[in-house]
Amino acid sequence: MSDDVDAAAVDPAGDRAVLRTDGVTKRFGGLTAVDDVDVRVEEGEIIGLIGPNGAGKSTLFNCITGRLDADEGSVSLLGEDVTDWPEYKIARAGLGRMFQETRVFGDMTVRKNLLVAAQEGGARVGRLLGRPDSALQARTDELLAYVDLDGLADVRAGRLSFGQQKLIEFAMALMAEPEVLLMDEPAGGINPSMLENLIEYIRTANEDEQATIFLIEHNMDFVMEIADRIYVLAHGERIAEGPPASIQNDQRVLDAYLGRE
């Protein structure tokens, strides 16, 4: 990751925002899926985004990544306004994303999946691609060992379990060396025995790879254990924000999950 964050991302209080949304709103016809949402993700944080089904979580992610155009509001990445940027340009500027469903290349080997991800990476990976092939291979081997898939490097990705494919996609995302990584339900469909490993993988990516993490998750135990702070959406609106302990005891959050207004 880059050592410096744009000075514009640092507010007078000294907080280091690498990703923020200000008043983001997205409508689909008469439905307001995301309603005037402000989010601030600081450098080095692991941030959770939770809420009932249909709360607008994935829509907010789509507005952040440029997959959808926000009707109102703005998105900034590393201190730069990226609101109107196309999706590929935002990705190359340092924003990575994992989806709910895996998007690996099933007919390719696990190793080849990571090499393809490198081709689509940002500026730092571009420098890696300019080095001898041995450097790229070493990075691939490092990440596969990191997610305990080094023994399956030459197996076609489509032959692996859904949970293993999620780990491939995680390694692919890290291959692109994002400054900020958005993860949409990383624990979804994962075998319970693999969840503790996944928590450690994410923490290691946050600490050793210096990736700031912003994740959507329905597994409450998972997100409460891993997140530094949590945002809560309901009916497209942000209804709460704070550390896990305060979110667990917030009556507005409890009412939203229980279906009370």
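Residue indices begin at 1 and follow the sequence shown.
Put simply, the side chain of Met172 does not reach to within 4.5 Å of the side chain of Val116, judged on heavy atoms. Counting only heavy atoms from C-beta outward, the side chains of Ile47 and Glu42 never approach each other to under 4.5 Å. Side-chain contact between Glu87 and Ile90 is absent, with no heavy-atom pair separated by less than 4.5 Å. In this structure, the side chains of Asn219 and Leu195 come closer than 4.5 Å at one or more pairs of heavy atoms. By the 4.5 Å heavy-atom criterion applied to side chains, Leu233 and Ile239 are not counted as neighbours. Between Leu60 and Lys26, the closest side-chain pair of non-hydrogen atoms is not below 4.5 Å. Inter-residue side-chain proximity for Ile202 and Leu198 is flagged as met; some heavy-atom pair is nearer than 4.5 Å. Using a 4.5 Å heavy-atom threshold, the side chains of Val41 and Arg20 count as separate.
Partners of Asn206 under the side chain to side chain contact (heavy atoms under 4.5 Å, CB included) rule, at least two apart in sequence or in another chain, are Ile46, Ile213. Not counting sequence neighbours, the partners of Thr140 by the side chain to side chain contact (heavy atoms under 4.5 Å, CB included) test are Arg111, Leu114, Leu115, Leu144, Met175. For Glu241, the side chain to side chain contact (heavy atoms under 4.5 Å, CB included) partners two or more places apart in sequence, or in a different chain, are Arg229, Tyr231, Arg238. Residues satisfying the salt bridge (Lys or Arg N to Asp or Glu O under 4.0 Å) criterion with Glu225, sequence neighbours excluded, are absent altogether. Applying the salt bridge (Lys or Arg N to Asp or Glu O under 4.0 Å) criterion to Glu237, with sequence neighbours excluded, gives no partner residue. Residues satisfying the side chain to side chain contact (heavy atoms under 4.5 Å, CB included) test with Pro243, not counting sequence neighbours, are Ser246. Listed by chain and residue number, Glu200 satisfy the salt bridge (Lys or Arg N to Asp or Glu O under 4.0 Å) test with Arg203 (two or more places apart in sequence, or in another chain). Applying the side-chain hydrogen bond (donor to acceptor under 3.5 Å, both in side chains) criterion to Arg156, with sequence neighbours excluded, gives no partner residue. Contacts of Asp35 classified as salt bridge (Lys or Arg N to Asp or Glu O under 4.0 Å), with partners at least two apart in sequence or in another chain: none.
A side-chain donor-acceptor contact under 3.5 Å links Thr83 to the backbone of Val75. No donor-acceptor pair under 3.5 Å is formed between the side chain of Glu80 and the backbone N or O of Leu77. No side-chain donor-acceptor contact under 3.5 Å links Ser76 to the backbone of Gly79. At distances below 3.5 Å, not a single donor-acceptor pair connects side-chain atoms of Lys57 with backbone N or O atoms of Ile50. No side-chain donor-acceptor contact under 3.5 Å links Thr21 to the backbone of Val24. Within the 3.5 Å criterion, the main-chain N or O of Ala211 finds no donor-acceptor partner in the side chain of Glu209.
Scanning both residues, Gln165 and Gly158, for their nearest heavy atoms gives NE2-O, 3.9 Å. Contact between Tyr257 and Gly51 at its shortest, heavy atoms only, is OH-N, 2.8 Å. Closest approach of Ile247 and Gly242 over heavy atoms only: CG1-O, 3.7 Å. The two atoms that bring Gly48 and Val223 nearest to each other are CA-CG2, 3.9 Å, heavy atoms only. In terms of heavy-atom proximity, Asp36 sits nearest to Gly23 at OD1-CA, 3.1 Å. When every heavy atom of Glu185 is checked against every heavy atom of His218, the shortest pair comes out as OE2-CD2, 3.1 Å.
Here Asp154 contributes atom CG and Lys112 contributes atom NZ; the two are 12.5 Å apart, rounded to the nearest 0.5 Å. Going from atom CG of Leu49 over to atom CD1 of Ile64 covers 8.0 Å, rounded to the nearest 0.5 Å. Expressed to the nearest 0.5 Å, how far CG of Asp69 lies from SG of Cys63 amounts to 8.0 Å. For the atom pair NE2 (His235) and CG (Leu31), the distance works out to 11.5 Å, reported to the nearest 0.5 Å. Atom CZ of Arg97 sits about 4.5 Å away from atom OG1 of Thr65, to the nearest 0.5 Å. Rounding to the nearest 0.5 Å places CD of Glu101 at 7.5 Å from NZ of Lys166.
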Could you go through the side-chain contact (heavy atoms from CB on, under 4.5 Å) check for Thr212 and Leu181 one step at a time?
CA-CA 6 Å; Thr212 299; Leu181 176 58; over 6 Å; no
Please lay out, stage by stage, how Glu72 and Arg27 fare under the test salt bridge (Lys or Arg N to Asp or Glu O under 4.0 Å).
CA-CA 9 Å; Glu72 297 172 15; Arg27 303 182 186 90; 2.7 Å; yes
For a side-chain hydrogen bond (donor to acceptor under 3.5 Å, both in side chains) check, start with the C-alpha distance between Thr204 and Glu207, then their side-chain angles and the critical distance, and finish with the verdict.
CA-CA 5 Å; Thr204 300; Glu207 295 170 5; 5.8 Å; no
Between Glu177 and Arg139, is the side-chain contact (heavy atoms from CB on, under 4.5 Å) condition met? List the steps.
CA-CA 11 Å; Glu177 300 198 350; Arg139 176 63 174 162; 3.5 Å; yes
As a quick check of understanding, evaluate side-chain contact (heavy atoms from CB on, under 4.5 Å) for Gln164 and Val147, giving each step before the final call.
CA-CA 9 Å; Gln164 289 172 320; Val147 294; over 6 Å; no
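Taking Ile, Leu, Val, Met, Phe, Trp and Tyr as hydrophobic and joining them when side-chain heavy atoms fall under 4.5 Å apart, one finds Phe28 in a cluster with Leu68.
Using a 3.5 Å distance cut-off with no hydrogens or angles, the side chains of Gln251 and Asp255 do pair a donor with an acceptor.
Two different hydrophobic clusters hold Phe99 and Leu182 under the rule that ILVMFWY side chains link at heavy-atom gaps under 4.5 Å.
Residue pairs meeting the ring pair (Phe, Tyr, Trp, His ring centres under 6.0 Å) criterion with at least one member in residues 138-172, sequence neighbours excluded, are Tyr146-Tyr201. Identified under the ring pair (Phe, Tyr, Trp, His ring centres under 6.0 Å) test for residues 41-62, with sequence neighbours left out: Phe61-Phe214.
For the pair Arg92 and Glu179, the salt-bridge criterion is not met [side-chain N within less than 4.0 Å of a carboxylate O]. The existence of a salt bridge linking Arg40 and Asp38 is excluded, since no basic side-chain nitrogen approaches an acidic carboxylate oxygen closer than 4.0 Å.
Remark: of the listed residues Ile168, Leu160, Val110, Ile168 is the sole one forming a side chain to side chain contact (heavy atoms under 4.5 Å, CB included) with Val104.
Counting non-hydrogen atoms of neighbouring residues, nucleotides and ligands closer than 6.0 angstrom, the CG atom of Asp148 exceeds 12 such neighbours.
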